[in-house]
*Asks:* 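Here it is, the structure in full.
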Amino acid sequence: MIYLLCFGASALFAQLAYKSKAKYAVFIWSAMSIAVTVILAGLRDYSIGIDVENYRTFNIYWGKASDTGTLAEYLKFYSRYEKEYLFALLVGVIAQYTGDFRLFLFICHFVIITGVYIGAYRQRKNVNPALVMFLFYLYFYSHSLNVMRQYMAMAILFAFVADIQKKRYVRYTIVVLITTLIHST
């Protein structure tokens, strides 16, 4: 029930931002829309999702980053298996310097939800951002952590898809290259 309440509140705040005329009101409502579900993700119980415990303790990302002596050591180990260095750096920094998995969830969801929100808001002439956000929450929000990297990359790409419509191809290409450092497929 708490999830549906947060999803509804976030969509309501997105709708208020969509209807607002003043820039400061748009910013405040938008920030509240994003914050509700980002905080919920950061407070997520480890029993939610089928793979949270595996991701935390045994996966090459969190488990290895937590167990390795230094950040450089972890990145060296990681580079033998994967090429998504930006994601590895995020995991390594949080695991090495804070050890707080909830902070990791918070930051990942901040990137995902902010990217989707910005993309939806930039397309507000074609679609209602509140509807986009609510549908995103219902379809994708609670998926497993196995798709965290994919969601982060796709959310960032979605935030910049309007650049294609505005013929800003170089900027969009740079964004694509950056997102391949989060997820390479």
Side-chain angles (χ1 to χ4, degrees), residues 1-14 27-79 81-82 84-120 132-159 178-179 181-184:
M1 186 64 163
I2 188 74
Y3 278 83
L4 289 178
L5 289 173
C6 288
F7 296 165
S10 179
L12 173 66
F13 296 148
F27 177 79
I28 290 171
W29 289 123
S30 296
M32 289 174 62
S33 176
I34 292 166
V36 169
T37 51
V38 169
I39 291 168
L40 179 65
L43 298 175
R44 170 180 163 171
D45 187 74
Y46 294 146
S47 66
I48 297 172
I50 58 171
D51 63 348
V52 176
E53 282 299 319
N54 281 343
Y55 203 88
R56 257 182 71 227
T57 55
F58 303 112
N59 194 294
I60 188 174
Y61 301 108
W62 189 262
K64 205 58 169 166
S66 299
D67 295 340
T68 308
T70 66
L71 180 60
E73 212 176 290
Y74 167 66
L75 293 174
K76 183 179 176 184
F77 168 83
Y78 179 84
S79 68
Y81 300 99
E82 302 285 345
E84 295 148 343
Y85 297 111
L86 192 55
F87 185 76
L89 183 63
L90 172 69
V91 173
V93 167
I94 295 170
Q96 291 278 318
Y97 296 110
T98 72
D100 188 352
F101 189 69
R102 293 187 191 284
L103 179 62
F104 169 71
L105 289 176
F106 178 84
I107 291 173
C108 288
H109 275 78
F110 179 79
V111 170
I112 294 166
I113 293 167
T114 302
V116 171
Y117 186 87
I118 289 170
V132 172
M133 295 309 295
F134 194 71
L135 291 173
F136 169 76
Y137 295 140
L138 292 179
Y139 285 120
F140 302 110
Y141 183 84
S142 298
H143 271 94
S144 72
L145 296 177
N146 284 332
V147 293
M148 184 75 68
R149 295 170 297 141
Q150 293 91 324
Y151 281 175
M152 289 175 69
M154 291 305 298
I156 293 168
L157 289 174
F158 183 61
I178 291 170
T179 59
L181 296 174
I182 296 172
H183 192 266
S184 61

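What you are looking at is a predicted structure, and each value in this text was computed from that prediction instead of being measured.
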*Asks:* Provide the closest heavy-atom pair for V36 versus A9 in the form atom of the first, atom of the second, distance.
*Replies:* CG1-CB, 4.4 Å

*Asks:* So, for C108 and L90, which heavy atoms are closest and what is the spacing to 0.1 Å?
*Replies:* SG-CD2, 3.9 Å

*Asks:* Would you say that T37 contacts M133 through its side chain, given a criterion of any heavy-atom pair below 4.5 Å between the two side chains?
*Replies:* no

*Asks:* With side chains defined as the heavy atoms from C-beta onward, is the minimum distance between L4 and L138 less than 4.5 Å?
*Replies:* yes

*Asks:* Would you compute the distance between atom OH of Y74 and atom CD of Q96 and round it to the nearest 0.5 angstrom?
*Replies:* 9.0 Å

*Asks:* S30: what forms a side-chain hydrogen bond (donor to acceptor under 3.5 Å, both in side chains) with it, not counting sequence neighbours?
*Replies:* Y117

*Asks:* Parallel, tilted or perpendicular: which one describes the rings of F136 and Y151, with boundaries at 30° and 60°?
*Replies:* perpendicular

*Asks:* Measure across F104 and I94 and return the closest heavy-atom pair with its distance rounded to 0.1 Å.
*Replies:* CA-CD1, 3.8 Å

*Asks:* Would you say the side chain of M32 lies within less than 4.5 Å of the side chain of I28, judging by non-hydrogen atoms?
*Replies:* yes

*Asks:* Sequence neighbours left out, what passes side-chain hydrogen bond (donor to acceptor under 3.5 Å, both in side chains) with S33? Give chain and number order.
*Replies:* S10

*Asks:* Is there a side-chain contact between I156 and I182 (heavy atoms, below 4.5 Å)?
*Replies:* yes

*Asks:* Answer yes or no: is there a side-chain heavy-atom contact under 4.5 Å between L89 and L71?
*Replies:* yes

*Asks:* Would a 4.5 Å heavy-atom cut-off, applied to side chains only, mark I39 and F106 as touching?
*Replies:* yes

*Asks:* How long is the span from the CD1 atom in I113 to the OH atom in Y137, to the nearest 0.5 Å?
*Replies:* 5.0 Å

